[in-house]
There are 2 protein chains.
Amino acid sequence: MENKTAVITLSALAQESRLSIFRTLVQVGPDGMAAGKISETTGIPPSSLSFHLKEMTYANLVNSRQESRYIYYSANFKVMNELLGFLTENCCAGVPCGIESHCCDEKA
Amino acid sequence: MENKTAVITLSALAQESRLSIFRTLVQVGPDGMAAGKISETTGIPPSSLSFHLKEMTYANLVNSRQESRYIYYSANFKVMNELLGFLTENCCAGVPCGIESHCCDEKA
DNA sequence: TCCATATTTCAAGAATAATTGAAATGAAGA
DNA sequence: TCTTCATTTCAATTATTCTTGAAATATGGA
């Protein structure tokens with residue numbers, strides 16, 4: 001993952017409406033939720049929701065599929081896991097540090 | 001972690017300058033780096049850097065300590081790990097889903 | 001105290017992002 | 001085809017964030 005990609009992914013999460021949408025989709029699981037229902041659940045008006053879903057789609061944070069007249073959106077965790085890897089990359093220049101609450105804990 | 005706290009943390013990372021700063025601090029390890037050196041390394045002018053470091057401090061993403069005339073900044077991973085936990089919280093309403101590239105992988 | 005220098009604050013402008021009603025688009029059943 | 005309704009696009013406004021030089025502040029050595 002590149003720096004710019006990571007910024008796009010993070011920006012897609014760093015907004016109250018979008019974070020609510022994302023968490024709603026995480027909790028509902030892989031089948032996802034129709035746009036209208038997301039609007040209802042989160043209280044975000046359809047046009048605002050559409051704007052945010054577009055951003056999240058661009059960031060590859062959500063997947064969508066059409067089913068009859070509904071469009072179901074679901075969370076994409078692959079990208080989020082990649083993001084975490086990117087953030088901790090080359091921690092302490094690769095030398096395990098063993099300090100509590102620091103990234104290298106996980107490798108130590 | 002609360003929704004608003006998470007947005008603050010994510011916003012602190014979702015910006016090119018700040019992401020560069022953070023990654024620089026991750027790679028340099030727990031001793032951190034003096035502000036002037038960060039400015040030099042990243043090419044961000046001192047006043048811009050100060051603005052961003054303040055945001056990151058507010059988000060609790062970096063720690064700082066004074067040493068002589070220098071102020072050393074270092075990355076705080078505890079908060080980042082909390083953030084990941086928050087994002088995957090109650091995934092699939094707690095029911096392991098076993099789907100590839102989905103959050104419940106980690107628990108399954 | 002006085003100086004050198006590391007860092008922060010200030011202020012104003014520039015850039016980017018969010019909001020939402022109304023109109024347009026698209027899909028599927030009658 | 002016509003109608004219905006779920007979703008998206010448009011457009012204009014509003015809000016927020018970023019940027020940076022210059023000035024202020026803070027630290028420690030001389």
Side-chain angles (χ1 to χ4, degrees), chain A residues 3-25 28 31-76, chain B residues 3-25 28 31-76:
Chain A
N3 209 290
K4 288 205 175 182
T5 312
V7 168
I8 290 167
T9 309
L10 288 162
S11 297
L13 288 168
Q15 206 276 338
E16 280 204 51
S17 297
R18 289 196 293 265
L19 188 53
S20 299
I21 295 165
F22 187 73
R23 294 192 81 221
T24 300
L25 294 180
V28 85
D31 290 347
M33 187 185 272
K37 186 87 186 291
I38 299 173
S39 173
E40 216 177 84
T41 304
T42 58
I44 301 166
S47 58
S48 302
L49 178 69
S50 190
F51 169 83
H52 290 304
L53 284 173
K54 202 175 158 194
E55 295 246 329
M56 296 170 85
T57 299
Y58 173 64
N60 206 25
L61 259 176
V62 300
N63 300 120
S64 61
R65 95 197 119 85
Q66 179 131 18
E67 195 165 297
S68 177
R69 280 196 279 201
Y70 303 88
I71 296 174
Y72 285 80
Y73 286 88
S74 55
N76 178 356
Chain B
N3 208 290
K4 287 205 174 179
T5 312
V7 168
I8 291 167
T9 309
L10 288 162
S11 298
L13 288 167
Q15 207 275 339
E16 280 203 51
S17 296
R18 289 196 293 267
L19 188 54
S20 299
I21 295 166
F22 187 74
R23 295 192 82 221
T24 299
L25 294 180
V28 85
D31 290 347
M33 188 184 271
K37 187 86 185 292
I38 300 173
S39 173
E40 218 177 83
T41 305
T42 58
I44 301 165
S47 58
S48 302
L49 178 69
S50 191
F51 169 82
H52 289 304
L53 284 173
K54 203 175 157 195
E55 295 245 330
M56 296 170 86
T57 300
Y58 173 64
N60 207 24
L61 259 176
V62 300
N63 299 121
S64 62
R65 94 196 119 85
Q66 179 132 17
E67 195 165 296
S68 178
R69 280 195 280 199
Y70 303 87
I71 296 176
Y72 285 81
Y73 286 88
S74 55
N76 179 357

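This is a predicted model, so every value here is computed, not measured. Every chain is numbered from 1 and lettered A, B, ... according to where its sequence line falls, protein lines coming before strand lines.
- Using a 4.5 Å heavy-atom cutoff, the side chains of L25(A) and I38(A) are in contact.
- OP1 or OP2 of dT8(D) lies within a sub-4.0 Å distance of a side-chain N or O belonging to S50(A).
- Rounded to whole Å, atom P of dA17(C) lies 16 Å from atom CE of M56(A).
- Nearest nucleotide to the side chain of K54(A), out of dA27(C), dT9(D), dT7(C): dT9(D).
- Residues T42(B) and S17(B) are not in side-chain contact: their nearest non-hydrogen atoms beyond the backbone lie 4.5 Å or more apart.
- Atom C1' of nucleotide dT19(C) and atom CD1 of I21(A) are separated by 13 Å, given to the nearest angstrom.
- The side chain of S48(B) sits closest to dT20(D) out of dT7(C), dT19(C), dT20(D).
- Residues L13(A) and R23(A) have side chains not in contact (no heavy-atom distance under 4.5 Å, counting atoms from C-beta outward).
- One atom, CG of L53(A), and another, P of dA17(C), lie 17 Å apart when rounded to the nearest Å.
- The interatomic distance linking I8(A) (CD1) with dA17(C) (C1') rounds to 14 Å, in whole Å.
- E16(A) and N3(B) make their closest contact through O-OD1, 4.2 Å (heavy atoms, listed as atom of the first residue, atom of the second, distance).
- The side chain of H52(A) places an N or O atom within less than 4.0 Å of a non-bridging phosphate oxygen (OP1 or OP2) of dT19(C).
- With rounding to whole Å, F51(A) atom CZ is found 18 Å from dA22(C) atom C1'.
- L49(A) is not listed as a side-chain neighbour of E40(A), based on a closest heavy-atom distance of 4.5 Å or more.
- Taken over five-pair windows at either terminus, the axes of the helix from dT1(C)-dA30(D) to dA30(C)-dT1(D) are inclined to one another by 30° (rounded to 10 degrees).
- Residue Y73(A) places at least one side-chain N or O closer than 4.0 Å to OP1 or OP2 of dT8(D).
- A donor and an acceptor atom never sit less than 3.5 Å apart when one is taken from the side chain of R69(B) and the other from the base of dT7(C).
- No donor-acceptor distance shorter than 3.5 angstrom exists from the side chain of S50(B) to the backbone of P46(B), with no hydrogens or angles considered.
- In this entry the distance linking OH of Y70(A) with P of dT7(D) reads 7 Å, nearest Å.
- Spacing between atom CE of M33(A) and atom P of dA6(D) amounts to 16 Å, rounded to whole angstrom units.
- At a threshold of 4.5 Å between non-hydrogen side-chain atoms, the residues R18(A) and L61(A) do not count as touching.
- Two residues, S47(A) and S47(B), neighbour DNA chain C, and the one matched to the more 5' nucleotide by heavy-atom proximity is S47(B).
- Taking atom CD of E55(A) as the reference point, atom P of dT9(D) lies 12 Å away to the nearest angstrom.
- Mapping S68(A) and I71(B) onto DNA chain C by nearest heavy atom places I71(B) closer to the 5' end of the strand.
- For Y72(B), the OH atom sits in a packed shell: over 12 heavy atoms of surrounding residues, nucleotides or ligands are nearer than 6.0 Å.
- For Q15(B), no side-chain nitrogen or oxygen approaches OP1 or OP2 of dA17(C) to under 4.0 Å.
- Backbone-only engagement by P45(B) is indicated by non-hydrogen atom pairs under 4.0 Å involving sugar-phosphate atoms exclusively.
- Distances shorter than 4.0 Å separate some side-chain N or O of R18(A) from OP1 or OP2 on dA18(C).
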